[in-house]
S.K.: 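Quick one: structure below, then a few questions.
So that the names make sense, note that chain A is the first sequence line, chain B the second, and so on, each numbered from 1. The shown structure was predicted, so the numbers you read here are calculated from the model rather than taken from an experiment.
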There are 4 protein chains.
Amino acid sequence: MPKLGMEPLRRASLIHATIAEIGAAGSLDVTVARIAKRAGMSSALAHHYFGGKDDIFLAAMRQVLRDYRREVLSRLKKAQSPEDRVRAIVEGGFAPSNFRADTVCAWLNFYVLALSSDPARRLHRVYARRLRSNLTHAFRPFVGEQAQKLANRAAELIDGVYLNQGLAAADPDGIRAAESVLGVIWREIEGA
Amino acid sequence: MPKLGMEPLRRASLIHATIAEIGAAGSLDVTVARIAKRAGMSSALAHHYFGGKDDIFLAAMRQVLRDYRREVLSRLKKAQSPEDRVRAIVEGGFAPSNFRADTVCAWLNFYVLALSSDPARRLHRVYARRLRSNLTHAFRPFVGEQAQKLANRAAELIDGVYLNQGLAAADPDGIRAAESVLGVIWREIEGA
Amino acid sequence: MPKLGMEPLRRASLIHATIAEIGAAGSLDVTVARIAKRAGMSSALAHHYFGGKDDIFLAAMRQVLRDYRREVLSRLKKAQSPEDRVRAIVEGGFAPSNFRADTVCAWLNFYVLALSSDPARRLHRVYARRLRSNLTHAFRPFVGEQAQKLANRAAELIDGVYLNQGLAAADPDGIRAAESVLGVIWREIEGA
Amino acid sequence: MPKLGMEPLRRASLIHATIAEIGAAGSLDVTVARIAKRAGMSSALAHHYFGGKDDIFLAAMRQVLRDYRREVLSRLKKAQSPEDRVRAIVEGGFAPSNFRADTVCAWLNFYVLALSSDPARRLHRVYARRLRSNLTHAFRPFVGEQAQKLANRAAELIDGVYLNQGLAAADPDGIRAAESVLGVIWREIEGA
DNA sequence: AATGAATGAGTTTTCATTCAT
DNA sequence: GATGAATGAAAACTCATTCAT
């Protein structure tokens with residue numbers, strides 16, 4: 001009896017192991033062999049499923065972005081006011097499922113990978129554009145024309161917070177991080 | 001007597017080449033051989049002067065931080081008002097000498113290196129602490145007790161701007177970046 | 001299923017090639033690449049199986065000691081008199097399987113390696129202690145209390161013979177060597 | 001005023017440093033740079049004086065043999081009986097100036113070097129032949145025709161003692177070593 | 001489908017050696 | 001005579017990737 005439907009499970013395992021391994025190493029200097037071992041299979045199989053190391057990384061990066069997106073979208077769906085929408089976007093980014101040490105570490109590494117890898121850059125662009133678009137829409141009811149500029153600043157601040165949380169000694173604290181960012185945003189809106 | 005006093009020149013050459021090479025590659029996956037070639041010498045000599053690849057990276061990182069510091073300090077020295085002091089710190093960080101594509105790229109890579117390398121982390125800590133300390137002092141005349149909290153937010157924002165400029169397609173624009181950050185800061189001060 | 005059970009074969013091949021290569025070179029200045037080539041595989045595989053050059057050397061050293069031990073033990077098993085036991089130990093050391101040019105050369109090099117490498121020293125200690133212990137037991141029926149002192153002298157003589165055979169132009173002659181050593185031993189026993 | 005007669009001093013310094021460095025390392029894996037540094041000069045100068053690393057080693061080996069020879073000859077000169085002559089040869093080899101940890105270590109390493117280096121082998125041959133010749137002459141009054149065979153055994157034993165002292169944990173004890181060897185020799189003579 | 005086996009290509013690192021001054 | 005400067009060559013080691021089974 002051949003095991004059916006193993007492929008998606010294996011792929012998920014590998015992606016998860018990739019993020020965990022990057023988180024543990026703190027860098028992308030992680031071998032396929034170690035990732036595969038953590039995922040409980042041979043490195044040959046990892047290549048078989050993904051084609052190569054870069055593809056594994058990209059798949060992991062996509063997973064991180066997908067998780068991020070899911071958190072934001074689910075919050076946006078429940079939002080009932082303009083304020084809610086802004087909070088949805090910010091708090092989604094700092095949701096516990098995204099904002100763990102592992103994930104933040106992988107996130108930052110992927111960020112920097114986008115400096116040297118074209119596919120990674122494309123992926124990052126998608127995320128960046130979507131975040132700004134979301135923020136712009138959310139800000140428009142408050143600041144109209146200036147929404148885009150404000151969205152940009154907010155996005156930069158969010159990235160900065162990620163960066164600093166990744167480097168902080170303590171475990172990331174999503175709730176405080178979100179509050180801090182939201183505080184700045186409300187003040188920016190008021191001052192606009 | 002042989003050609004004397006080459007060491008400091010060579011070291012400077014190598015550090016410069018390291019930053020340039022990281023900038024060109026967009027990552028730390030840069031060989032000592034390439035760095036040495038760019039600096040016009042053999043890789044053996046690079047090892048001779050620095051001991052090893054990590055030491056070359058650290059020396060380059062120190063150089064980037066030193067350059068940064070110099071810009072800030074020279075501006076602080078000329079500052080004549082509390083406002084001037086805040087501007088000195090922010091604008092120093094976005095001064096043309098620091099805020100070039102190469103340097104920003106190296107900066108970001110060093111940032112992420114600090115996640116996996118202890119000496120890099122120590123170096124980063126020094127920078128981070130100093131920046132917050134500078135900002136805190138600069139904010140105190142405006143917001144008193146809340147200076148530290150505000151300094152933290154400002155530091156995060158600055159890092160976020162760096163990150164986004166590094167990933168942007170266009171060349172970094174230090175003047176606009178500084179203005180944008182300062183804008184947020186003044187509004188934060190007002191809103192505090 | 002891939003070709004299975006290669007590992008022990010490869011390891012044995014490599015160990016054999018190591019001894020041969022050291023014998024041919026007359027020193028430990030032997031590259032992993034050459035050893036691997038002689039064993040019919042890539043140097044990468046040698047590293048894969050042993051971890052590193054030192055580990056290859058240690059494994060070869062262990063093999064030499066194991067071969068030595070086997071010869072001695074098999075002779076001791078057949079021994080039927082105190083005289084037989086003494087002969088077993090000495091002749092075992094000069095058995096054709098141990099006392100070939102290659103092996104003697106490797107042996108001497110390992111001896112000297114024990115001066116600078118801790119694991120090699122530990123291995124050598126095991127051999128030295130075992131040889132003395134064997135000899136002491138064998139001598140006790142003849143000389144009682146003085147067995148240990150005599151064992152020490154005999155061990156030194158054996159090592160000296162090895163050393164000189166290794167440096168002699170001619171191929172080692174185990175039978176004459178054993179006779180010579182045994183001659184001294186019997187006279188020492190008589191004179192004790 | 002040019003420094004006159006520096007060359008012989010420099011050479012002696014280097015030779016001394018070589019033996020010390022080999023003693024400290026326990027092996028011939030010693031860099032010319034370290035030797036030169038210990039001798040207080042640049043490695044370039046070491047090359048200038050000796051031509052190359054191998055020549056430095058050979059010169060050091062010659063020095064060790066010369067020291068050995070001097071000790072034996074000075075004792076032989078004072079010898080007043082056949083017994084004295086035998087003792088002179090053996091005790092000369094274990095004289096404090098030769099039988100120090102450093103020297104024994106260098107000696108053993110040179111011994112093994114003779115397995116792979118032709119000039120080293122030639123040097124070793126000279127020593128070996130001379131030792132046997134000395135011993136043969138010294139033994140002739142006692143055992144006549146069998147002197148040569150006995151000389152061979154004695155030489156082997158001496159080497160064996162060196163080898164074991166080099167590997168022993170404790171500092172070499174020349175007096176006991178000489179006594180032990182002489183004891184065997186007298187018994188061999190009696191039993192001949 | 002899955003893996004142990006195997007390797008080529010690349011990178012850091014070390015050092016003896018040379019050379020201009 | 002003496003040395004700092006410089007390098008070529010070689011070696012250990014790593015790892016993504018391929019392949020036969």
Side-chain angles (χ1 to χ4, degrees), chain A residues 1-7 9-10 29-37 40-57, chain B residues 1-7 9-10 29-37 40-56, chain C residues 1-7 9-10 29-37 40-56, chain D residues 2-7 10 29-37 40-57:
Chain A
M1 194 164 56
K3 288 186 219 166
L4 288 179
M6 285 307 283
E7 173 155 354
L9 297 180
R10 299 280 203 192
D29 279 335
V30 159
T31 69
V32 175
R34 281 191 66 87
I35 292 173
K37 187 171 197 182
M41 69 196 79
S42 72
S43 66
L45 194 55
H47 275 89
H48 177 67
Y49 280 133
F50 284 98
K53 194 191 192 185
D54 292 352
D55 304 286
I56 298 178
F57 277 173
Chain B
M1 264 197 306
K3 230 182 335 176
L4 283 179
M6 282 287 101
E7 174 155 355
L9 301 179
R10 293 297 199 184
D29 279 334
V30 160
T31 68
V32 175
R34 281 192 65 87
I35 292 173
K37 187 171 197 181
M41 69 195 81
S42 72
S43 66
L45 195 56
H47 277 95
H48 175 67
Y49 281 129
F50 281 99
K53 195 190 191 182
D54 292 352
D55 304 285
I56 298 178
Chain C
M1 264 196 307
K3 231 183 331 177
L4 283 179
M6 281 287 101
E7 173 156 355
L9 301 179
R10 294 298 200 182
D29 279 334
V30 159
T31 68
V32 174
R34 281 193 66 86
I35 293 173
K37 187 171 197 179
M41 71 194 80
S42 72
S43 65
L45 195 55
H47 277 95
H48 176 67
Y49 281 130
F50 281 98
K53 195 190 191 182
D54 292 352
D55 304 285
I56 298 178
Chain D
K3 288 187 220 165
L4 288 178
M6 284 308 284
E7 173 155 354
R10 299 280 204 191
D29 280 335
V30 159
T31 68
V32 175
R34 281 191 65 87
I35 292 173
K37 186 173 197 181
M41 71 197 78
S42 73
S43 67
L45 193 55
H47 275 89
H48 177 66
Y49 279 133
F50 284 99
K53 193 189 191 183
D54 292 351
D55 305 286
I56 298 178
F57 277 171

S.K.: Quickly work out the C:Lys37 NZ to E:dT7 P distance and round it to whole Å.
M.R.: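 Atom NZ in C:Lys37 sits about 13 Å away from atom P in E:dT7.
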
S.K.: Using whole Å, report how far CZ of A:Phe50 lies from P of E:dA2.
M.R.: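 Going from A:Phe50 (CZ) to E:dA2 (P), I get 13 Å.
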
S.K.: Considering only distance and modelled atom types, tabulate donor-acceptor pairs under 3.5 Å from the side chains of residues 45-56 of chain A, sequence neighbours left out.
M.R.:
from	atom 1	to	atom 2	distance (Å)
A:His47	ND1	A:Ser43	O	3.2
A:Lys53	NZ	A:Val30	O	3.0
A:Asp55	OD2	A:Gly52	N	3.3

S.K.: Separation of C:Glu7 atom CD from E:dA6 atom P, in whole Å?
M.R.: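 Atom-to-atom, C:Glu7 to E:dA6, this comes out as 10 Å.
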
S.K.: So does D:Tyr49 get a side-chain nitrogen or oxygen closer than 4.0 Å to the phosphate oxygens (OP1/OP2) of F:dG1?
M.R.: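 Checking D:Tyr49 against F:dG1: no side-chain N or O falls below 4.0 Å of OP1 or OP2.
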
S.K.: Note the angle between the end axes of the helix from E:dA2-F:dT21 to E:dT21-F:dA2, five pairs defining each, rounded to 10 degrees.
M.R.: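 Taking the rotation axis at each end, their angle is 20°.
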
S.K.: Could you measure the distance from the CZ atom of C:Arg10 to the CD atom of C:Glu7? Nearest 0.5 Å is fine.
M.R.: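 Between C:Arg10 CZ and C:Glu7 CD, I get 11.0 Å after rounding to 0.5 Å.
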
S.K.: Using whole Å, what does the distance between atom C1' of nucleotide F:dA16 and atom CD1 of A:Ile56 come to?
M.R.: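 Computing the A:Ile56:CD1 to F:dA16:C1' distance gives 10 Å.
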
S.K.: C:Met41 CE to E:dT7 P: how many Å, rounded?
M.R.: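 Going from CE in C:Met41 over to P in E:dT7 covers 8 Å.
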
S.K.: Does C:Arg10 make a side-chain N or O approach to OP1 or OP2 of E:dG4 shorter than 4.0 Å?
M.R.: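 The answer is no; no side-chain N or O of C:Arg10 sits under 4.0 Å from OP1 or OP2.
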
S.K.: Once each nucleotide of nucleotides 10-17 of chain E is scored for protein heavy atoms under 4.0 Å, what B/S/- sequence comes out, 5' to 3'?
M.R.: -SSBBBSB

